[in-house]
Each structure stands twice: as C-alpha cells, then as structure tokens.
> 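Quick one: this structure, given as structure tokens, is what I'll be asking you about.
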Amino acid sequence: MNEMFCFQCQQTAHNTGCTGKAGVCGKKADTANNQDDLIGALIALACTDRRSERTDELILKGLFTTITNVNFNNDTILMLKNEIEQACKALSHTFTPYDMSKIWNADEDTRSLKSLLLFGIKGMAAYAHHAMNLGYVDDEVSAWFYKGLCAVNRPHSVEEWLALIVEFGQMNFRCMELLDRANTGTFGTPQPTK
C-alpha cells in the first residue's frame, strides 16, 4: 500500500491515524505498513503458546522496534519480521500473521480498547527490553506479553477488555519495578550532587 495510514501511537493526527504522505513523526507509508506487519507477526508468534528465551527476545525487540521514532529502517524491520516468521514456523509449522486492519476497522470501542492495550504493551516492552539488556528479566512480565498479544487476536466484551487493561496496568507497574532494580543494581542508587 502506498497510501499512509498509521495508528501505532498516541501522536496520530487528530487522534484518528496519520494519513497522506507521511505521519506526524515523519514515518513513511511503507514503514508504517512494515511495522503493522511486524506486529501481526508478533501476535502470531505469541499465539503459538510456546515460550523460550529466544521468543521472549523476539517479542521484546519487535514491540520496541515499533514504538514511535525508534526504528524507521525498513530493512531491519523486515529482517526482524522474517526472524519472527521463521520462529513461528519452527514452533508450529504454520505462520498466519494477524491482520492489523481488524483493529483499525473494528467498532469504536473495540478499536479503542485493543489500541490502548497494544500501545501499553509497546511501552512496557521498552522497559523490559532495557532491563533485559542489563541482565534482568521477570518471568511473569515476559509471559504477559504473550497473554496481551494473544488477547488482541480474540474477541472480548468491553468489560473483559477493561479487566485485561487493569491487569496489564498492574503488570506494567511490576515491569517498572524490574527496570528500577536493573538500573539501581547496575548503576547504583542516584544521589543528588552539585
């Protein structure tokens, strides 16, 4: 698709998605499409229900890659998507990526709640990715990425979505504690100095 449509962050134009030649952030249509494909691949990987250190890494790296202004390099996005596709095939012998247009074309409540969860998961992935790079991981946090991504692929009532989002908020707090432990454990407790 040559036409721009991007609804991957909270900075979208008019809160309806970026359209036209480029996004508010400068992202081009091909990059937005590649990032959507990457998220669709991550949802497929999460739904294989087979976790490993490698799949945990791929999920964190893939989610972090799609955060606003982190990576607009189509080559690296496509290479990562290919890695995820190969991991899916190795785990389940199939690869059926999630079609992100199911979110963008859903009714307003579903679109809003799925997007809220997806944006939150991306943010939590940044925290978890930084902690992982410092040698800190939390198995419950890592497992929640799978739960959250799989939830995007399943129908839920508004009440079920709200419960998932509250649960996600608690997990995100746990992830922030993990990142704090990683930072202070690696660099020490910050001290005010002149």
Side-chain angles (χ1 to χ4, degrees), residues 1-47 53-89 95-106 111-134 137 141-142 144-146 148-153 168 172 175-176 178-179 182-183:
M1 174 192 302
N2 292 329
E3 188 178 319
M4 170 61 120
F5 175 75
C6 185
F7 193 74
Q8 297 175 11
C9 76
Q10 73 285 0
Q11 297 174 11
T12 59
H14 312 291
N15 242 1
T16 59
C18 293
T19 59
K21 294 183 181 188
V24 170
C25 63
K27 186 188 308 177
K28 303 291 185 220
D30 56 346
T31 304
N33 292 331
N34 289 335
Q35 288 182 339
D36 273 350
D37 291 345
L38 178 57
I39 293 293
L42 288 169
I43 291 170
L45 178 61
C47 292
E53 189 174 317
R54 179 66 183 137
T55 59
D56 286 358
E57 247 177 60
L58 285 170
I59 283 179
L60 289 182
K61 188 175 181 182
L63 288 167
F64 189 31
T65 295
T66 65
I67 292 175
T68 307
N69 297 331
V70 168
N71 189 335
F72 289 175
N73 184 313
N74 285 327
D75 292 337
T76 59
I77 294 167
L78 292 172
M79 284 187 338
L80 183 54
K81 181 185 162 280
N82 186 52
E83 281 183 68
I84 293 163
E85 182 176 344
Q86 296 311 311
C88 267
K89 288 178 179 177
F95 176 69
T96 307
Y98 179 77
D99 179 0
M100 294 297 284
S101 70
K102 290 179 182 178
I103 295 177
W104 318 142
N105 296 323
R111 180 177 59 247
S112 298
L113 292 165
K114 281 187 177 189
S115 297
L116 179 61
L117 182 61
L118 196 51
F119 296 162
I121 289 172
K122 288 180 180 191
M124 187 168 82
Y127 301 146
H129 191 271
H130 290 311
M132 180 185 67
N133 285 336
L134 294 173
V137 294
V141 169
S142 296
W144 217 95
F145 286 107
Y146 294 77
L149 287 169
C150 285
V152 172
N153 192 29
F168 162 73
N172 191 40
C175 187
M176 290 170 67
L178 171 68
L179 180 58
N183 284 328

> Run the side chain to side chain donor-acceptor pair (under 3.5 Å) test against Asp56 and tell me which residues pass, sequence neighbours left out.
Arg51, Tyr146
> Using 0.5 Å steps for rounding, measure from the CG atom of Leu80 to the CG atom of Leu38.
5.0 Å
> For the atom pair OG1 (Thr76) and CG (Asn71), what is the distance rounded to the nearest 0.5 Å?
3.5 Å
> Just verifying a value: how many Å separate Phe95 CZ and Asn82 CG, rounded to the nearest 0.5 Å?
9.0 Å
> Measure from the side-chain N and O atoms of Lys27 to the backbone N and O of Ala32, and report whether any donor-acceptor pair falls under 3.5 Å.
no
> Test side-chain contact (heavy atoms from CB on, under 4.5 Å) on Asn34 and Lys81 and set out the steps.
CA-CA 8 Å; Asn34 289 335; Lys81 181 185 162 280; over 6 Å; no
> Flag the pair Leu63 / Leu149 as yes when at least one side-chain heavy-atom distance between them is below 4.5 Å, and no otherwise.
yes
> Quick one: are Ile77 and Asn73 in side-chain contact, heavy atoms under 4.5 Å?
no
> Measure the shortest side-chain to side-chain distance between Met100 and Leu118 over non-hydrogen atoms and say whether it is less than 4.5 angstrom.
yes
> For the residue pair Arg111 and Ala106, what are the closest heavy atoms and their distance?
NH1-O, 2.9 Å
> Does any non-hydrogen side-chain atom of Asp36 lie less than 4.5 Å from one of Trp104?
yes
> Take Asn172 and Tyr127 through the test side-chain contact (heavy atoms from CB on, under 4.5 Å) and record every step on the way to the result.
CA-CA 9 Å; Asn172 191 40; Tyr127 301 146; 3.7 Å; yes
> Specify the closest pair of heavy atoms between Val152 and Lys114, including all atoms of both residues, with the distance to one decimal.
O-NZ, 2.9 Å
> Indicate yes or no for a side-chain donor-acceptor contact from Asn105 to the backbone of Ser101 under 3.5 Å, with no hydrogens or angles considered.
yes
> Quick check: closest heavy atoms across Gln35 and Thr65, and the distance to 0.1 Å?
NE2-O, 3.6 Å
> Looking only at non-hydrogen atoms, find the nearest pair between Cys150 and Cys47 and report the distance.
SG-SG, 3.0 Å
> Quick one: CD1 on Ile84 to CG on Leu42, what's the gap to the nearest 0.5 Å?
4.0 Å
> Test side-chain contact (heavy atoms from CB on, under 4.5 Å) on Phe145 and Ile121; report intermediate values, then the result.
CA-CA 7 Å; Phe145 286 107; Ile121 289 172; 3.6 Å; yes
> Taking all atoms of both residues into account, what is the closest heavy-atom pair of Thr66 and Lys122, and its distance?
OG1-CE, 3.2 Å
> Between His129 and Asn133, is the side-chain contact (heavy atoms from CB on, under 4.5 Å) condition met? List the steps.
CA-CA 6 Å; His129 191 271; Asn133 285 336; 3.3 Å; yes
> Run the numbers on Glu85 and Lys89 for salt bridge (charged side-chain N to carboxylate O under 4.0 Å, His left out), then give the verdict.
CA-CA 6 Å; Glu85 182 176 344; Lys89 288 178 179 177; 3.1 Å; yes
> For Ile67 and Ala126, work out which heavy atoms get closest and say how close.
CD1-CB, 3.7 Å
> How far does OG of Ser142 sit from CG of Leu178, to the nearest 0.5 angstrom?
8.0 Å
> First locate atom CE of Met124, then atom CG of Leu60, and finally report the distance between them rounded to the nearest 0.5 Å.
8.5 Å
> Checking side-chain polar atoms at under 3.5 Å, does Asn74 have a donor or acceptor matched by the opposite partner on Thr31?
yes
> Are the side chains of Ile43 and Pro97 in contact, using a 4.5 Å heavy-atom criterion?
no
> Angle between ring planes, Trp144 versus Phe168, binned at 30° and 60°: parallel, tilted or perpendicular?
tilted
